[in-house]
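Below is one structure; the comments refer to it alone.
FYI, the numbering just counts along the sequence from 1. Whatever order the structure lists ligands and atoms in, that order sets their numbers, starting from 1. From a predicted model like this one, the values you see are computed outputs, not experimental measurements.
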Amino acid sequence: MYFGKKREQTDPRVPPNQNVTTSFPVLHHGNVPYYRDLTAWNLKVFGLVKEEKTFSYKEILELKQTDLHNDIHCVTGWSKLDNVWTGVTVKDLMKNMTILEEAKYVLLHAEEGWKTNLPIEDFLKESSMLAHSHNAEPLTPDHGFPLRAVIPHLYFWKSAKWLRGIEFVRDNEPGFWEKNGYHIYGDPWKEERFSWD
Ligand SMILES: Nc1nc2c(c(=O)[nH]1)N[C@H]1C(S)=C(S)[C@@H](COP(=O)(O)O)O[C@H]1N2
Ligand SMILES: [Mo]
């Protein structure tokens, strides 16, 4: 029975102190970009790679398309279970590219200079992807159209919307939210919400 005490976490899919929502909240800093013409869009993979590469939107859609099913956890306390994202896995994106050995971290660059940082092994995980659709619908501008990162094992702020660049770097440089008090890594299972956690 529930006596008003905080309930023990019982659902093994939900990290500590998260509440499950069935809605899809919109959260970001800055402006939502609107594209009328996707020929003006590209994705640059650069930094510590043997050869830099710029993908057009058409080239992204020509890569192998994958559906991944996962749960997402926002640092502000909501979790959304059973998402299906469609797009290109990071593994497939990087297939024909060589990452230099000095590369230890990745910076994901979005529109307006927004960025987020993560270790290279987290970016290259099987579950990491670049998505253009959510639950069989194209992403709306609010949720990151035309392409967003989805890194489901970390708090959702690492999942850059409006992705435009992937930079391989040597050092762990904090991104936008990381500079503003969020944790440098952001493991929801360890509740790494803030830099002082
Ligand atoms: N470019 C960009 N991506 C971003 C953010 C942002 O401010 N700018 N915010 C992050 C945060 S804090 C969260 S919780 C998720 C929210 O994604 P959603 O709006 O699709 O739910 O996007 C992440 N990606
Ligand atoms: Mo967030």
| request: Below 4.0 angstrom from a heavy atom of V26, which ligand 1 atoms are there? Numbered from 1 as shown, please. | output: 19 (O)
| field | Nearest-neighbour protein heavy atom for atom 7 (O) of ligand 1, which is reported as residue plus atom name and distance | value | H29 N, 2.8 Å
| query | Is there any N or O on W162 that sits under 3.5 Å from an N or O of ligand 1? | reply | no
| field | Atoms in ligand 1 with a heavy atom of A110 nearer than 4.0 Å | value | 1 (N)
| request: Would you kindly specify which portion of W114 sits under 4.0 Å from ligand 1, judged on non-hydrogen atoms: side chain, backbone, both or neither? | output: side chain
| field | Contact with ligand 1 for A160, non-hydrogen, under 4.0 angstrom | value | yes
| task | Could you tell me if any non-hydrogen atom of E111 lies under 4.0 Å from any atom of ligand 1? | result | no
| query | Are a donor atom and an acceptor atom from the side chains of T39 and D37 found within less than 3.5 Å of each other? | reply | yes
| Residue pair D122 / Y185, side-chain donor-acceptor N/O under 3.5 Å | yes
| remark: for atom 21 (O) of ligand 1, nearest protein heavy atom and its distance come out as P25 O, 2.6 Å
| remark: re atom 14 (S) of ligand 1, the protein heavy-atom contact at minimum distance is C74 SG, 3.3 Å
| Where do P33 and P141 come nearest, in terms of heavy atoms and distance? | O-CB, 4.2 Å
| remark: ligand 1 atoms nearer than 4.0 angstrom to some heavy atom of R148 are 15 (C), 17 (O), 18 (P), 20 (O), 22 (O)
| Do you know which two heavy atoms are closest between W85 and N83, and how far apart they sit? | NE1-CB, 3.4 Å
| query | Is it the side chain, the backbone, both or neither of W177 that has a heavy atom closer than 4.0 Å to ligand 1? | reply | side chain
| request: Scan E111, H109, E112 and name whichever one has a side-chain hydrogen bond (donor to acceptor under 3.5 Å, both in side chains) with R164. | output: E111
| Any idea which protein heavy atom is nearest atom 19 (O) of ligand 1, and the distance to it? | K161 NZ, 2.5 Å
| request: Could you tell me the separation between the NZ atom of K95 and the CG atom of L93, rounded to the nearest 0.5 Å? | output: 11.0 Å
| said: Is the distance between the ring centroids of H134 and F24 under 6.0 Å? | reply: yes
| field | atom 16 (C) of ligand 1: nearest protein contact (heavy atom, Å) | value | L27 O, 3.4 Å
| field | From the candidates Y182, F24, W157, the one that places a heavy atom nearest atom 10 (C) of ligand 1 | value | W157
| request: Run the ring-centre check on H28 versus W114 and record whether the distance is less than 6.0 Å. | output: no
| field | T86 side chain to Q65 side chain, donor-acceptor N/O pair below 3.5 angstrom | value | no
| query | Is H28 close to ligand 1, meaning an N/O of one under 3.5 Å from an N/O of the other? | reply | no
| task | May I ask you to list the atoms of ligand 1 that are less than 4.0 angstrom from any heavy atom of S159? | result | 22 (O), 23 (C), 24 (N)
| message | Please find the pair of heavy atoms, one from G175 and one from N117, that lie closest to each other, and give the distance. | response | N-OD1, 3.0 Å
| Interatomic distance, F168 atom CZ to I120 atom CD1 [nearest 0.5 angstrom] | 5.0 Å
| field | Shortest heavy-atom approach to atom 23 (C) of ligand 1 - which of Y155, F176, W78, F156 | value | F156
